[in-house]
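Along the sequence shown, residues are numbered consecutively beginning with 1. Each ligand, and each atom within it, is numbered from 1 in the order the structure gives.
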Amino acid sequence: MTNPKLTIRRPDDWHVHLRDGAMLEAVAPYTARQFARAIVMPNLSPPITTIDAARAYRGRIEAAAGPGFTPLMVAYLTDGIDGAMLAEGHAAGVFTAAKLYPAHATTGSAHGVTEVRHIHGALAAMEQAGMPLLVHGEVTDHEVDVFDREAVFIDRTMAGLVRDFPGLKIVFEHITTEEAAQFVLAAGPNVAATITPQHLHINRNAMLVGGIRPHAYCLPVAKREKHRLALRQAATSGSPKFFLGTDSAPHRIETKEAACGCAGIFNAPFALESYAAVFDEEDALDRLEAFASENGPRFYGLPFNEGTVTLARADNPIPESFVTGDIELVPFHAGETLRWRITG
Ligand code: NCD
Ligand code: ZN
């Protein structure tokens, strides 16, 4: 077949940053174009820590995204957050999950958790309630090299979480290392991971060779080539433990192209096409549907989506930037041509 088409069950994005206000209005339609549902990260300023705040934010997302898109809300864990409140929000259908940001690990994590022991009560309540824990898996210790922060987190924190809360569903978010992929594979069925398109496409050279390239910078930072290859293997392996989570994280162009540029890659406009290119290159197009549309809902205990999305192998030139009002955003793959496009 020279111009294959691929029709898959409508996918979901299990990790996205939609922001708020004018940025939300600008970016939500890109996610809603491809995905039926998305896990919406709660690292706003201030973060989403209450049922009322999540309900109100959900309403703003629904208004910005339009009909046919379901935002799945996440509570932002803080030291001493009330486990009963989390369970109540979960039972009420407001909180799908809760997110652990180690304090100061990434954008919007200043209110995050300083020591996991401070949320043991909350984690026990979540385990009891069947509410998934989503983890930004990086240590924040200044002595640990930024390229080692994920692997060190596994030993110092993740292994203990899995041991101490054996019934807790845990998603190791946006994994970037061979160590993380191996850890997830070796753990029980209650441990899974999301993988972003950028960590399947680029290694750290993309950020640092020929000049410093802020639009390839996100956290966790892209690692060496061997890690990218391990992630490609994991994503396309057919294992139900790995699923689609874009970590699309828009920042205005002037805050990316700065002396201290923000971490985050805006990949929402062509996320599915970007994943399709990877699965095609790995000769695994028959496994894209499970990764994009089945493994996530199965892990979360949610129904599969009705409806389908069709992709075709056709040139898809990616714009240098998107402008909405006074917001300019540079997308992942800017100026490149992807080999896949959504046709229906
Ligand atoms: C995210 C953001 O900008 O909110 N940035 C990023 O580089 N991924 C935060 C996060 O998920 O770490
Ligand atoms: Zn994120």
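- Looking only at protein heavy atoms, the nearest one to atom 8 (N) of ligand 1 is Asp247 OD2, 2.7 Å.
- Numbered from 1 in the order shown, with element, the atoms of ligand 1 that lie under 4.0 Å from a heavy atom of Cys218 read 7 (O).
- For Arg204 and Phe147, the positive end sits near the middle of the six-membered ring, less than 6.0 Å away and at most 45° from its axis.
- Close contacts of ligand 1 with His17, meaning ligand atoms under 4.0 Å from a residue heavy atom, involve 1 (C), 4 (O), 9 (C), 10 (C), 11 (O).
- Protein heavy atom in closest approach to atom 7 (O) of ligand 1: Leu219 N, 2.8 Å.
- Less than 4.0 angstrom separates some heavy atom of Thr107 from each of these atoms of ligand 1: 2 (C), 3 (O), 4 (O), 5 (N).
- At least one N or O atom of Gly264, backbone or side chain, sits closer than 3.5 Å to an N or O atom of ligand 1.
- With respect to the salt-bridge test (charged N to carboxylate O, under 4.0 angstrom), the residues Arg232 and Glu281 qualify.
- Side chains of Thr7 and Glu289 form no contact here, defined as non-hydrogen atoms less than 4.5 Å apart.
- Between Tyr300 and Trp14, the ring planes lie parallel to each other; the angle is under 30°, not in the 30° to 60° tilted range.
- The ligand atoms of ligand 1 that sit less than 4.0 angstrom from a heavy atom of Ala249 are 1 (C), 2 (C), 3 (O), 5 (N).
- Of the N or O atoms in Lys99, none lie within a sub-3.5 Å distance of an N or O in ligand 1.
- Around atom 2 (C) of ligand 1, the closest heavy atom drawn from Glu138, His174, Arg19, Met41 belongs to Arg19.
- Taking the ring centroids of Phe291 and Phe279, they lie under the 6.0 Å cut-off.
- Geometry note: the Zn ion (ligand 2) is the vertex, Asp247 OD1 and His15 NE2 are the arms, and the angle is 90° (rounded to 10 degrees).
- For Glu173, the heavy-atom gap to ligand 1 stays at 4.0 angstrom or more.
- For atom 9 (C) of ligand 1, the closest non-hydrogen atom on the protein side is Thr106 OG1, 3.3 Å.
- Contact annotation: for Ile265 versus ligand 1, there are no heavy atoms closer than 4.0 Å.
- Checked against a 3.5 angstrom limit, the closest N/O atoms of Tyr101 and ligand 1 fall outside it.
- Every atom of ligand 1 with a heavy atom of Ala263 under 4.0 Å away is listed here by number and element: 3 (O), 5 (N), 6 (C), 7 (O).
- Other residues, nucleotides and ligands contribute at most 12 non-hydrogen atoms within 6.0 Å of the CD atom of Glu306.
- By the 6.0 Å contact criterion, CD on Gln128 is open, its count of non-hydrogen atoms from other residues, nucleotides or ligands being 12 or less.
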